[in-house]
Amino acid sequence: MSEADRLFASPQPPADFTFNEDVVRVFPDMIKRSVPGYPTIVENLGVIAARFAQPNSRLYDLGCSLGAVTQALRRHVRAEGTRVVAIDNSTAMVTRCREYLSAQDSMHEELLPVEVVEGDILEVPLASASVIALNFTLQFIAPEQRLGLLSRLRNSLLPGGALLLSEKIRFPDAQTQALLNGLHLDFKRANGYSELEIAQKRTALENVMLTDTLAEHRARLQAAGFTTVEPWFQCLNFTSLIALP
Ligand SMILES: C[S@@+](CC[C@H](N)C(=O)[O-])C[C@H]1O[C@@H](n2cnc3c(N)ncnc32)[C@H](O)[C@@H]1O
Ligand SMILES: O=C(O)C(=O)C[C@]1(C(=O)O)C=C[C@@H](O)C=C1
């Protein structure tokens with residue numbers, strides 16, 4: 001079972017956020033209390049993927065963490081011969097993700113097969129992809145590498161495939177940015193985070209999680225070769241887009 005997130009509860013020297021063992025221990029609680037709409041997004045990624053999954057293809061969960069999206073894919077996708085490839089570059093995440101998924105395997109025989117790969121999504125080759133999910137992962141990739149990654153993902157998609165991209169977004173005008181950021185902080189407070197926890201996590205994320213505006217996402221996805229780009233969900237400053245070749 002995952003623990004309650006108290007990682008930033010006591011004063012600590014500033015350090016960049018990493019997906020280490022401490023984060024892994026509390027991650028399900030952390031992400032649910034930090035990302036408005038997260039459970040809705042995850043479940044519906046499974047529902048959406050079911051429409052695009054093709055027989056004998058692969059479904060990719062990039063930056064899979066503990067495999068929440070992989071599990072949603074397994075709940076909803078029934079295409080014959082399809083397998084899930086879940087990739088993350090955090091050893092701690094991959095180790096725990098494998099444990100969760102093999103516990104699931106031992107209870108249900110009919111689930112899609114899953115391969116959990118420890119690797120860098122900027123380097124691992126992808127093939128025969130009908131669905132690619134990037135659920136709050138692109139925001140952790142260096143901005144100058146984002147277009148190259150999305151272009152490679154576009155070229156790995158089979159005709160009729162889909163990219164599902166969820167991100168925290170920022171807003172081009174300062175007033176809207178202040179409003180939505182303030183509402184997100186209210187969401188965190190309502191979920192029991194203190195001012196100290198909120199402030200220390202913000203500092204930890206400052207250099208490692210760099211957000212774009214919706215217009216920047218749209219332009220970049222189009223530059224990468226996607227012709228349809230549509231947000232299917234937004235809750236405060238968190239959105240999920242579907243992008244089609
Ligand atoms: C916010 S978490 C993703 C949450 C997860 N997709 C979910 O829905 O629960 C971001 C993940 O991306 C992973 N990550 C960041 N950069 C990566 C890279 N270059 N290659 C692979 N994984 C990466 C991190 O280790 C982390 O587990
Ligand atoms: O924006 C924030 O304050 C967050 O905590 C967001 C966020 C994310 O979007 O990935 C950052 C790190 C954790 O993985 C959980 C949530």
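Numbers here simply count residues along the sequence, with the first being 1. Everything numeric in this text was worked out from a predicted model, so none of it was measured. For ligands, and for the atoms within them, numbers begin at 1 and follow the listed sequence.
- Between Phe17 and Phe140, the ring planes are parallel. Angles under 30° get that label, and only those over 60° would be called perpendicular.
- Between the CD1 atom of Ile242 and the CG atom of Asn44 there is a distance of 11.5 Å, given to the nearest 0.5 Å.
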Run through all N or O atoms in ligand 2 and write down each protein N or O closer than 3.5 Å, as a pair with its distance.
from     : atom 1 : to     : atom 2 : distance (Å)
ligand 2 : 1 (O)  : Lys168 : NZ     : 2.7
ligand 2 : 3 (O)  : Lys188 : NZ     : 2.5
ligand 2 : 5 (O)  : Lys188 : NZ     : 3.3
ligand 2 : 5 (O)  : Lys201 : NZ     : 2.6
ligand 2 : 9 (O)  : Gln139 : NE2    : 2.9
ligand 2 : 10 (O) : Gln139 : NE2    : 3.3

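- Under the side-chain contact (heavy atoms from CB on, under 4.5 Å) criterion, Arg98 pairs with Val94, Val116, not counting sequence neighbours.
- Of the protein's non-hydrogen atoms, the one nearest atom 8 (O) of ligand 1 is Asn135 ND2, 2.8 Å.
- Closest to atom 9 (O) of ligand 1 by heavy atom, among Phe19, Tyr38, Phe136, Phe140, is Tyr38.
- Each of Leu214, Leu138, Leu241 was compared with Glu167 under the side-chain contact (heavy atoms from CB on, under 4.5 Å) criterion, and only Leu138 meets it.
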Evaluation steps, salt bridge (Lys or Arg N to Asp or Glu O under 4.0 Å), between Glu197 and Lys188: CA-CA 10 Å; Glu197 285 176 294; Lys188 287 195 169 191; over 6 Å; no
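- Looking only at distances, no side-chain donor or acceptor of Thr239 sits under 3.5 Å from a matching main-chain atom of Gln234.
- Side-chain polar atoms of Asp173 and Thr176 form a donor-acceptor pair below 3.5 angstrom.
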Walk me through it: do Arg152 and Leu126 pass the test side-chain contact (heavy atoms from CB on, under 4.5 Å)? CA-CA 9 Å; Arg152 199 161 61 76; Leu126 312 186; 4.3 Å; yes
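- For ligand 1, the polar-atom distance check against Asp88 finds a nitrogen or oxygen pair separated by under 3.5 Å.
- Some N or O of Asn89 is nearer than 3.5 Å to an N or O of ligand 1, by distance alone.
- Ligand 1 is approached by Gly119 to a heavy-atom distance shorter than 4.0 Å.
- Comparing Gly63, Gly67, Ala68, Ala86 against atom 5 (C) of ligand 1, the shortest heavy-atom distance belongs to Gly63.
- Per-residue contacts place Ser90 under 4.0 angstrom from the following atoms of ligand 1 (heavy atoms of the residue considered): 25 (O).
- With ligand atoms numbered from 1 in the order given, ligand 1 contributes 8 (O) to contacts under 4.0 Å with heavy atoms of Val69.
- Closest to atom 20 (N) of ligand 1, if we only count protein heavy atoms, is Ile121 N, 3.0 Å.
- Side-chain polar atoms of Asp5 and Tyr193 form a donor-acceptor pair below 3.5 angstrom.
- The proximity of Leu62 to ligand 1, defined as any non-hydrogen pair under 4.0 Å, does not occur for either the backbone or the side chain.
- In terms of polar-atom proximity, defined here as any N/O pair under 3.5 Å, Ile87 makes no such contact with ligand 1.
- The protein heavy atom nearest to atom 2 (S) of ligand 1 is Ser65 OG, 3.2 Å.
- At a cut-off of 3.5 Å, with distance as the only test, no side-chain donor of Asp29 or Ser2 sits close to an acceptor on the other residue.
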side-chain contact (heavy atoms from CB on, under 4.5 Å) evaluation trace for Leu163 with Arg154: CA-CA 8 Å; Leu163 173 74; Arg154 158 68 189 86; over 6 Å; no
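- Close approach of ligand 1 to Asp120 is summarised as follows: ligand atoms under 4.0 Å from at least one heavy atom of the residue are 18 (C), 19 (N), 20 (N).
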Using the rule given for salt bridge (Lys or Arg N to Asp or Glu O under 4.0 Å), can you reason through Asp212 versus Arg146, listing the C-alpha separation, both sets of side-chain angles and the distance that settles it, and then say yes or no? CA-CA 11 Å; Asp212 298 310; Arg146 293 178 187 178; 2.8 Å; yes
